[in-house]
Every structure is written in structure tokens, then in C-alpha cells.
Amino acid sequence: MFFFEVILVLWIMFKVVSVIVWNNSPFLRKVSLSSVFTRHKRRFPRSKWEEEKTDDGTKWTFLEHKGPVFAPPYEPLPSNVKFYYDGKELKLSEDAEEVAGFYARMLEHDYTTKSVFNTNFLTDWRKVMTPEEAKLIKDLSKCNFKEMHAYFQSVSEKNRNRSKEEKAALKAKNEEIQKEYGFCTIDGHKEKIGNFRIEPPGLFRGRGEHPKMGKLKRRVMPEDVLINCSKDSKIPKPPSGHKWREVRHDNTVTWLASWTENVQQQAKYVMLNPSSKLKGEKDWQKYETARKLHKCIDKIRENYRADWKAKEMQVRQRAVALYFIDRLALRAGNEKDDEQADTVGCCSLRVEHIQLHKEKDGKEYVVVFDFLGKDSIRYYNEVPVEKRVFKNLEIFIENKKDSDDLFDRLNTQTLNEHLKDLMPGLTAKVFRTYNASITLQKQLDELTDGDASVPEKILAYNRANRAVAILCNHQRAVPKGHSKSMEALKEKIQAKRDQIDEAEEDLQQASKAAKRGSVKEKLACDKKKKALERLKDQLKKLELQETDRDENKTIALGTSKLNYLDPRISVAWCKKHGVPIEKIYNKTQRDKFRWAIDMAGPDYVF
DNA sequence: AGCATCACTTAGGAGGCGGTTC
DNA sequence: GAACCGCCTCCTAAGTGATGCT
């Protein structure tokens with residue numbers, strides 16, 4: 001019976017903590033009493049039924065907007081810009097010309113060297129041709145797009161060289177559109193919309209070896225578009241002569257408009273900007289879930305380590321997968337069909353993606369991961385693991401082909417179901433958020449010297465950020481001309497050093513003169529001292545810049561900053577160390593994280 | 001149960017812009 | 001005052017995970 005008392009006490013404690021956490025929500029402060037009450041009711045359902053009834057996933061009660069902005073209509077080429085087939089000039093029909101233009105623009109891109117891209121393009125292009133055109137044009141290598149390509153280049157050149165007035169006029173026009181279509185009214189607040197422009201037609205640019213690359217993404221018409229808004233709002237007007245596919249009033253979703261894209265048959269949505277309350281609240285919740293994981297992570301780790309010895313193979317696989325997700329911040333790895341690029345995450349790893357080494361480079365039980373993850377970004381990592389993990393992996397790959405699933409008894413659904421039992425709201429992706437944020441916090445503690453200058457502190461911050469980006473495998477292409485710009489920087493540094501040497505000699509002379517000399521000479525000496533100090537400061541700055549830039553060349557910091565790092569950690573660090581928040585977050589980021597900037601004091605801990 | 005669908009978050013690249021440097 | 005360069009914004013693809021449907 002003691003057992004039940006413990007459970008009861010724990011339950012009450014949990015409830016009390018929930019109320020405290022809930023009432024600390026930055027989003028609650030300006031909310032009316034009635035909605036607090038609604039929320040309160042939602043947190044304390046009297047029954048399962050009432051929970052379902054009240055926590056019905058309502059996202060808004062009023063939503064009004066002007067609908068999306070459509071891509072401008074096609075402008076035919078000037079008649080002097082010609083297309084040739086098999087050496088002969090050919091005037092294309094408008095539709096065929098437009099699609100040819102999509103290809104012509106990409107002539108210098110890598111895509112046009114890929115046969116999948118070219119085949120898909122030709123197939124789809126021929127579908128929009130007139131029967132005569134389609135009869136003639138059967139071989140892409142006989143197509144000459146060069147004049148079209150040159151024309152587009154000249155147009156963008158002209159655009160770049162627009163006069164000040166033209167640029168200003170264009171900017172004003174864009175702001176006008178932004179003002180009219182870029183905002184909506186949701187529950188009494190004016191909020192920015194994220195993507196209010198409908199995607200223009202073009203050629204599908206899948207990432208990696210995508211089987212659909214080069215296919216035609218056709219023009220979206222109002223007749224394709226679903227509008228979502230309040231019944232009692234001003235319903236957006238479709239462009240004249242057109243009508244919407246449907247107008248609905250679904251307040252259980254957050255999108256304002258949607259359509260289905262024709263290449264992959266995927267829904268696309270017009271949604272709110274990250275600065276909106278709706279998105280901010282969701283973001284805050286995400287970090288609160290991750291903090292909850294922090295509180296029980298030790299238990300969960302214990303739990304999966306124990307499961308490495310489980311009798312059931314499914315449980316063992318689950319435990320090893322979870323270990324990878326936790327320790328290496330791997331993604332869950334949903335199944336994919338073969339209409340997409342072949343990429344994997346943890347649960348979809350295949351035997352061919354790992355190598356087992358009993359010993360490698362002096363380390364025992366090393367697992368080498370080598371696979372393409374999201375966006376076909378390569379994940380390569382040599383990881384020494386516990387012996388038990390290693391032995392399990394040996395069992396998992398026994399009698400399997402390279403192309404077989406490593407975790408054949410496991411998928412993301414079963415994994416997430418298990419996680420839900422360990423902690424409410426826990427899914428595989430929470431581990432990524434958790435490990436990213438906790439890593440930032442630990443690294444900041446470790447790397448920040450309280451006495452250092454602000455630029456040095458910022459370097460420390462970037463290094464902590466970088467540690468997270470490496471953990472999450474956030475990569476980018478090496479910027480064009482990186483090595484060149486590094487050399488230039490090195491030269492600059494050398495020049496600065498020479499300058500300093502010179503200035504030092506100068507100063508020595510001046511100080512000699514000052515010792516015996518006049519007031520004037522003393523002043524001159526002081527001046528030189530200051531000049532030297534300035535030079536040294538500049539050198540330090542340059543050297544910091546050098547380290548920062550080189551360490552960063554293949555690592556993208558933005559993704560983790562935007563999606564994985566609890567902003568309150570960064571805000572607290574800034575406040576604690578006197579670093580202006582603008583040094584860490586730009587305008588967009590400050591808008592997105594306003595809730596955290598307002599909320600976190602210097603003592604916030606994740 | 002097993003899938004398809006839906007909604008929403010996470011992701012890197014392109015291209016423009018604005019600051020810096022010569 | 002032009003060239004250069006890095007950063008920022010926009011864009012949209014590619015994930016995750018819940019829910020709906022058969």
C-alpha cells in the first residue's frame with residue numbers, strides 16, 4: 001500500500017509542477033482571464049471525455065487575410081531571342097517557350113549535366129508542346145538554348161544595374177504588396193505571414209540523387225488553392241475571372257491557404273511567420289518538452305542500457321537505436337519510397353551504412369557510420385561504443401545483405417510509442433533538441449572567460465554553437481573562394497604585424513625623445529602609444545576572425561541556432577556577460593525569439 | 001494493422017544587399 | 001566609387017510524427 005501512496009504523492013507533485021510551469025508561460029501574461037480559464041480546464045480534465053472535448057486542438061477563433069500572391073504571368077521572349085533545334089531556328093509556342101526558358105536559365109548549373117534531370121525535363125517539356133513541336137523535338141542534345149540563356153543573363157545584369165530610383169520604386173512596390181498580403185489578423189492580433197507568395201512554376205530541383213529532378217513544376221492557379229479563414233471574416237477575393245478551389249473554415253489548423261504541388265503530390269501551405277504568437281508558443285513548448293527530458297534522461301539512459309541485454313530482439317534493437325539517437329543526435333529515420341532520394345535516419349539505417357571494427361586507430365569497438373541523411377548530406381563518424389552495443393550490432397547484421405535494414409524489427413512508430421511511455425510528449429526528435437541545447441549550455445560554461453573582451457566572448461559563443469552544429473551534422477558547401485579569402489586575410493594579418501613592428505620602433509624613438517624633451521614631444525609619444533594599442537587591437541580582431549572563419553567553412557551555424565538551441569540559454573548568457581543581444585541574434589532572429597529575450601534573466605538554466 | 005494523408009518543423013542553397021576596403 | 005565579400009532573406013525541399021482511413 002505504501003507503493004500507492006508514493007504514486008499519489010508523485011502525481012500531486014507533478015500536477016503542482018505543471019501548474020507552475022504552465023503559469024510561467026510567457027504567452028500567458030497578456031492573455032485574458034477567460035482564456036486562462038480555458039487553459040486551466042484543459043490542464044485538469046475531469047474525465048477523458050472532457051479532455052477530448054475541451055482540448056480539441058483549436059488553434060484560433062478568428063482568422064482574416066487577403067489570400068496568397070500569385071506568380072506574375074509569363075512574359076514571352078522578345079522576337080530577336082531565338083531557339084534552334086538541330087541547327088534550325090524554331091519559334092516555340094508560348095507554353096513550350098516558357099518551359100524551355102526554365103531549362104535555359106539553368107544551363108550553367110550542375111543539374112543539366114545529369115541524365116535523370118534531362119530525361120525528366122524533356123518528357124515534361126514535350127507534354128506542354130503543340131503536337132507539331134512534340135513530333136519534331138525528341139532529342140535534348142539537338143536543342144540550342146544559348147540565346148535564351150544569354151538573354152536571361154542580360155536581363156539579370158540589367159536588373160543588377162538598376163538606377164537608385166528604379167530600385168526604390170521596386171522596393172516601394174514590394175512593401176505595398178507586403179503590407180496588403182503579408183499580414184493577417186488572428187484572434188485580434190495583426191501577425192506577419194511567412195510565405196504569402198505562391199511558388200512560381202519552374203523545374204523541380206530535388207536534392208541529391210532525386211528521381212524526379214528536372215520535372216516541370218506547373219503554374220499554380222487560384223482554382224488549385226484552398227483558402228482557410230473565419231466564416232465571419234472578410235473572405236479573400238480570388239484574382240478576377242478566377243475562383244478558389246475551396247474556402248474552408250477549419251480552426252484546428254494554422255494554415256491560411258494550401259495547394260497540392262504536382263511533382264510529388266505534396267501539400268504546400270501558407271503559414272504564419274516564426275515571430276507570430278502561434279509559432280512562438282509552439283517553439284516554447286518544444287523547449288519545455290526538451291527540458292522535461294533533461295529531468296528524466298538519466299533514468300531513460302539506464303533503461304535503454306539495460307535493454308541492451310533484453311531477450312527480445314525488438315527491444316534490443318530499440319535500445320541500440322535509441323542509444324544512437326541520444327548519443328549521436330541522429331534523426332528518427334522514417335521509411336521512404338523510391339520516388340525520393342535514397343537517404344536514411346536511425347531507424348532506416350541499412351547494414352551497408354555501418355562498419356564494425358573491433359579495433360581502429362588504437363580504439364576498441366569502433367562503429368563507422370557512413371550514410372546520406374536529410375538533404376543527402378553525408379554523415380560520417382567513427383564512434384567507439386560500449387562492448388555490449390558492438391556485440392548487439394554484430395548480431396543484428398548476422399546473415400544479412402548489405403541492403404537489408406540494420407534494425408529490421410524497428411520503425412519510428414514503434415520507437416515513438418515506446419518513448420511516449422517513458423515520458424509524455426517524448427519522441428525521437430526531442431533528443432536532438434535536448435542534446436543540442438544542453439551541449440550549448442555546457443560549452444558556454446566551459447568556454448566563456450568572464451574577464452575576456454566582448455569579441456573574445458563572441459568567439460566563445462560561436463565555438464559553443466559550432467560544437468552543436470557538429471553534433472547535429474549541419475553542413476554547408478565550402479563558400480566559393482574560401483581559400484582565396486583566407487589567403488587575403490593572412491596577408492592582411494602579416495601586414496598588420498609589420499605595421500606593429502614599425503610602430504614599436506617609432507614609439508621607442510619617441511619615448512627617448514620624450515624623456516629629455518618638451519611637452520610637445522611627450523604628447524607625440526602618447527599619441528604613438530595609442531596608435532600602437534589600436535594596431536594591436538586590430539591584429540587581435542583579425543586573428544579572431546581568421547580562426548572563426550576557418551573553423552566555420554563547412555559548418556552551418558544557422559540551423560541549430562534557429563531550431564535547436566533554447567534561445568533562453570543564449571539570452572541569459574548575453575545578459576550575464578554583458579554581450580549585446582544583437583551580437584548573437586540578427587533582426588529576424590530577435591523577432592522570432594522575442595518571447596525568450598523578454599523572459600530569460602541571467603540565471604536561466606536549461 | 002498497415003497504409004496514406006496531413007500538418008508542421010527543419011534544412012541548405014540562391015541571390016541580393018549592405019558594409020568594408022582599396 | 002567600385003569591387004569584393006560575407007551575411008541575411010527568401011525560397012522551397014525534406015524531414016517528423018499524428019491522425020485518418022480501409
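For clarity, every value in this text was computed on a predicted model and none was experimentally measured. Reminder, nothing fancy here: chain letters follow the sequence lines and each chain counts from 1.
The salt bridge (charged side-chain N to carboxylate O under 4.0 Å, His left out) test with A:Asp224 is passed by exactly one of A:Arg245, A:Arg218, A:Lys268: A:Arg218.
Dashed line: the shortest gap from a side-chain N or O of A:Lys279 to OP1 or OP2 of B:dT9 is under 4.0 Å. Applying the 4.0 Å criterion to OP1 and OP2 of C:dA14, one finds that A:His210 has a side-chain N or O inside that range. Taking side-chain N and O atoms only, A:Lys59 has a distance below 4.0 Å to OP1 or OP2 of B:dC8. Between A:His109 and B:dG13, a side-chain N or O to OP1/OP2 separation shorter than 4.0 Å is absent. Regarding contacts with the backbone of C:dA13, a side-chain N or O of A:Lys217 is found under 4.0 angstrom from either OP1 or OP2. Put simply, A:Thr427 has a side-chain N or O that comes within less than 4.0 Å of OP1 or OP2 on C:dG17. A:Thr412 has no side-chain polar atom (N or O) that falls below the 4.0 Å cut-off from OP1 or OP2 of C:dT16. Close to C:dA14, at under 4.0 Å from its OP1 or OP2, lies a side-chain N or O of A:Gln264. An OP1 or OP2 oxygen of C:dT9 is reached within less than 4.0 angstrom by no side-chain nitrogen or oxygen of A:Lys587. Dashed line: the shortest gap from a side-chain N or O of A:Arg432 to OP1 or OP2 of B:dA11 is under 4.0 Å. Between A:Lys268 and C:dA13 there is a side-chain N or O to OP1 or OP2 distance below 4.0 Å. For the pair A:Asn195 and C:dC11, the criterion of a side-chain N or O lying under 4.0 Å from OP1 or OP2 is not met. Taking only side-chain nitrogens and oxygens, A:Ser258 never comes nearer than 4.0 Å to OP1 or OP2 of B:dC6. Listed pair A:Asn334 / C:dT16 meets the phosphate criterion, a side-chain N or O lying under 4.0 Å from OP1 or OP2.
Considering only side-chain atoms of A:Arg331, the nucleotide from C:dT12, C:dA14, C:dT16 that sits closest is C:dT16. Residue A:Glu199 has its side chain nearest to C:dT12 when only C:dT12, B:dA7, C:dA14 are considered. Ranking C:dA14, B:dG13, B:dA11 by closeness to the A:Thr559 side chain, first place goes to B:dA11. If you check C:dC11, C:dT12, B:dC8 against the side chain of A:Thr254, the one that comes closest is B:dC8. With B:dC8, C:dC8, C:dA14 as the choices, the nucleotide that has an atom nearest any side-chain atom of A:Asn586 turns out to be C:dC8. Each of B:dA11, C:dA13, B:dC6 was ranked by its minimum atom distance to the side chain of A:Tyr564; first place goes to B:dA11. Side-chain proximity of A:Ala477 to B:dA14, C:dG17, B:dG13: nearest is B:dG13.
The aromatic rings of A:Tyr585 and A:Phe593 lie tilted to each other, with the angle between the two planes from 30° to 60°.
Along DNA chain C, the nucleotide closest to A:Gly208 and the one closest to A:Val430 are compared, and the more 5′ of them pairs with A:Gly208. Toward the 5′ end of DNA chain B lies the nearest nucleotide of A:Trp255, the other residue of the pair A:Trp255 and A:Ser560 mapping further downstream. Both A:Tyr269 and A:Ser156 lie close to DNA chain B; mapped to their nearest nucleotides by heavy-atom distance, the more 5′-ward contact belongs to A:Tyr269.
Atom NZ in A:Lys171 sits roughly 9 Å away from atom P in B:dC17 (whole-Å rounding). In this entry the distance linking NZ of A:Lys374 with P of B:dG12 reads 8 Å, nearest Å. Taking atom CD of residue A:Gln265 and atom C1' of nucleotide C:dA13, one finds them 16 Å apart after rounding to whole Å. A:Tyr111 has its OH atom 13 Å from the P atom of C:dT12, to the nearest Å. Here the P atom of nucleotide C:dG15 and the CG atom of A:Leu372 are 10 Å apart, to the nearest Å. Rounded to an integer number of Å, the gap from CG of A:Asn273 to C1' of C:dT9 is 11 Å. Straight-line distance from the CZ atom of A:Arg207 to the P atom of C:dT12: 11 Å, rounded to whole Å. To the nearest angstrom, C1' of C:dC5 lies 18 Å from NZ of A:Lys553.
Counting atom types as modelled, A:Lys429 pairs no side-chain N or O with a base atom of B:dT9 as donor and acceptor under 3.5 Å.
For the pair A:Arg476 (side chain) and A:Lys553 (backbone), a donor-acceptor distance under 3.5 Å is present. With hydrogens and angles disregarded, no donor-acceptor distance shorter than 3.5 Å links the side chain of A:His294 to the backbone of A:Tyr434. Checked by atom type and distance alone, the side chain of A:Gln317 pairs as donor or acceptor with a backbone atom of A:Arg409 at under 3.5 Å.
Nucleic acid contact for A:Gly345: none, since no nucleic acid atom lies under 4.0 Å from a heavy atom of the residue. At a threshold of 4.0 angstrom between heavy atoms, the contacts of A:Ala341 with the nucleic acid are absent. Using a 4.0 Å heavy-atom distance criterion, A:Gln475 is classed as a sugar-phosphate-only contact. Contact annotation for A:Ala267: no contact, since no heavy-atom pair falls under 4.0 Å across all strands. A:Arg160 comes within contact range of no nucleotide atom at all, as no heavy-atom separation falls under 4.0 Å. Within the nucleic acid shown, A:Gly373 comes within 4.0 Å of sugar-phosphate atoms alone, with no base atom in reach, counting heavy atoms only. Looking at heavy-atom distances under 4.0 Å, A:Pro200 makes contact with sugar-phosphate atoms alone, never a base.
Close placement of the A:Phe369 and A:Phe324 rings is indicated, their centers lying within 6.0 Å of each other.
Ion pair A:Arg219/A:Glu98 flagged as a salt bridge, since at least one NZ, NE, NH1 or NH2 atom sits closer than 4.0 Å to an Asp/Glu carboxylate oxygen.
Of all heavy-atom pairs spanning A:Lys217 and A:Asn262, the tightest one is CA-OD1, 3.5 Å.
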